[in-house]
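Inspection log for the structure reproduced underneath, given as structure tokens.
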Amino acid sequence: MKRYAFVTGADRGLGLALVKELLQHEYCVIAGRFMADNRQLTDLAEVWQDRLSLVELDVSSDQSVADAAAQIARITDTLELVINNAGILGDIGATILDPLSMADMQQVYNVNALGPLRVTNAVAPLVLRSESKLFVQISSEAGSIADCERNSWFGYCMSKAAVNMQGALIHNEVKKSGGKVLLLHPGWVQSYMSGSLNTEATLTADESAAHLVERIQEAIPAAPGERPNYLDYAGNELPW
């Protein structure tokens with residue numbers, strides 16, 4: 001029996017690594033593609049023709065998400081899990097004493113916070129029809145209010161705190177049907193969040209993805225808790 005997983009922001013970096021890792025775990029993967037001219041995902045789909053499907057997806061657009069959800073529904077009527085991975089960094093240098101670009105922050109919030117809400121809202125019925133019923137949000141330690149030491153990163157930190165609240169709200173509803181939300185911090189990953197590859201980070205995308213899929217596999221058989229789990233890639237609980 002085929003098991004389907006849906007990953008957003010799958011073009012490169014962590015998203016692409018998650019797609020590869022899920023394929024290795026024998027999932028059929030539906031990958032959200034934003035960068036049509038990026039060959040990495042296209043080349044992978046040619047290798048995994050029987051188990052990897054691509055859908056065009058801009059999580060910041062209501063219409064794009066609706067179109068992607070309709071395409072997914074034509075592929076399968078159940079999703080074991082959705083991984084909301086798509087995200088952008090925005091300006092991370094400006095403090096409250098500097099000029100702040102509200103337009104930049106609105107874009108970060110639209111992609112990072114409203115993006116996963118759009119996607120989850122669109123595919124929730126497919127997920128709740130599955131056995132796993134798992135909603136995975138790629139959050140960040142940057143979303144922890146209790147552990148905040150930064151004095152900038154306004155758009156990113158605020159958007160990830162919003163993702164955490166979003167996860168709690170979704171969990172409160174879907175747990176009634178046996179569903180659950182898992183909020184995961186992927187670690188400091190060598191990704192393209194800043195536009196170019198960050199090679200200073202401590203984890204490669206493949207290393208982080210392997211840890212994250214391990215956390216996902218652990219969460220699948222567990223009964224829904226009172227609250228969603230907010231964990232780092234190694235399985236440590238993070239403070240809200």
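When a residue number appears, it is its place in the shown sequence, counting from 1. Given the structure is predicted, the values throughout are model-derived calculations rather than measurements.
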Legend entry - Listed partners of Q24 passing side-chain contact (heavy atoms from CB on, under 4.5 Å), at least two apart: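 Q24 satisfies side-chain contact (heavy atoms from CB on, under 4.5 Å) with W48 once adjacent residues are dropped.
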Does a side-chain heavy-atom distance below 4.5 Å link [X] with [Y]?
| X | Y | result |
| --- | --- | --- |
| K133 | V174 | no |
| I138 | L14 | yes |
| L183 | L231 | no |
| N236 | L238 | no |
| P116 | V163 | yes |

So which atom in [X] and which in [Y] form the shortest heavy-atom distance, rounded to 0.1 Å?
| X | Y | result |
| --- | --- | --- |
| L22 | A5 | CD1-CB, 4.0 Å |
| S139 | N164 | OG-OD1, 2.7 Å |
| I88 | Y156 | O-CD1, 3.4 Å |
| S208 | P186 | OG-O, 2.8 Å |
| K175 | P224 | CB-CB, 4.0 Å |
| A205 | V189 | CA-CG1, 3.7 Å |

To the nearest 0.5 Å, what is the distance between [atom1] on [X] and [atom2] on [Y]?
| X | Y | atom1 | atom2 | value |
| --- | --- | --- | --- | --- |
| E46 | L52 | CD | CG | 10.5 Å |
| R215 | N229 | CZ | CG | 11.0 Å |
| D77 | I72 | CG | CD1 | 13.0 Å |
| L54 | I30 | CG | CD1 | 10.0 Å |

Check this for me: [X], atom [atom1], are more than 12 non-hydrogen atoms of other residues, nucleotides or ligands nearer than 6.0 Å?
| X | atom1 | value |
| --- | --- | --- |
| M105 | CE | yes |
| Q217 | CD | yes |
| M165 | CE | no |

Transitively linked via ILVMFWY side-chain contacts under 4.5 Å: [X] with [Y]?
| X | Y | value |
| --- | --- | --- |
| L81 | V127 | no |
| L203 | L16 | yes |
| L97 | M102 | yes |
| I83 | L23 | yes |
| L44 | L212 | yes |

Can you tell me if [X] and [Y] form a side-chain donor-acceptor pair at under 3.5 Å?
| X | Y | value |
| --- | --- | --- |
| N112 | S159 | yes |
| S64 | D67 | no |
| D206 | T204 | no |
| T8 | N85 | no |
| R118 | N84 | no |

Just to verify, what does [X] make a side chain to side chain donor-acceptor pair (under 3.5 Å) with, not counting sequence neighbours?
| X | answer |
| --- | --- |
| S132 | E80 |
| E21 | none |
| S101 | none |

Inset, instruction - State whether the side chain of S144 and the backbone N or O of P239 hold a donor-acceptor pair below 3.5 Å, judged by distance alone. - result: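 At least one qualifying donor-acceptor pair exists.
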Legend entry - Side chain T76, main chain T78, donor-acceptor under 3.5 Å: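 Side chain of T76 to backbone of T78, a donor-acceptor pair under 3.5 Å: yes, one is there.
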Legend entry - Passing option when F135 is tested against L128, L182, L79 for side chain to side chain contact (heavy atoms under 4.5 Å, CB included):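 When L128, L182, L79 are each tested with F135, the side chain to side chain contact (heavy atoms under 4.5 Å, CB included) holds only for L128.
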Inset, instruction - Sequence neighbours left out, what pairs pass ring-ring contact (aromatic ring centres under 6.0 Å, His included) with at least one residue falling in residues 5-28? - result: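 Qualifying pairs, neighbours excluded: none.
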Legend entry - Within residues 219-240 or reaching into it, pairs that qualify as ring-ring contact (aromatic ring centres under 6.0 Å, His included) - sequence neighbours excluded: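 Every pair satisfying ring-ring contact (aromatic ring centres under 6.0 Å, His included) with a residue in residues 219-240: H211-Y233, Y230-W240.
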Got a sec, which residues hit salt bridge (Lys or Arg N to Asp or Glu O under 4.0 Å) with [X], two or more places apart in sequence or on another chain?
| X | result |
| --- | --- |
| R33 | E56 |
| E214 | none |
| E173 | K176 |
| R51 | none |

Inset, instruction - Determine, stepwise, if the pair V181 / Q137 fulfils side chain to side chain contact (heavy atoms under 4.5 Å, CB included). - result: CA-CA 7 Å; V181 172; Q137 310 275 49; 4.2 Å; yes
Legend entry - Qualifying side chain to side chain donor-acceptor pair (under 3.5 Å) pairs with a residue from residues 178-188, counting only residues at least two apart or across chains: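 Every candidate side chain to side chain donor-acceptor pair (under 3.5 Å) pair involving residues 178-188 fails, so no pair, neighbours aside, qualifies.
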Legend entry - Among D37, D43, T42, side chain to side chain donor-acceptor pair (under 3.5 Å) partner for R39: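 Output: one option passes, namely D43.
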Scan the side chains in residues 145-155 for donor-acceptor partners under 3.5 Å anywhere in the protein, sequence neighbours excluded, and list what turns up.
{"from": "R150", "atom 1": "NH1", "to": "E141", "atom 2": "OE1", "distance (Å)": "3.3"}
{"from": "R150", "atom 1": "NH2", "to": "E141", "atom 2": "OE2", "distance (Å)": "2.8"}
{"from": "S152", "atom 1": "OG", "to": "I92", "atom 2": "O", "distance (Å)": "2.8"}

Inset, instruction - Begin with the C-alpha distance, continue with both residues' side-chain angles, and end with the deciding distance and a verdict on side chain to side chain contact (heavy atoms under 4.5 Å, CB included) for V136 and L184. - result: CA-CA 7 Å; V136 181; L184 292 174; 3.9 Å; yes
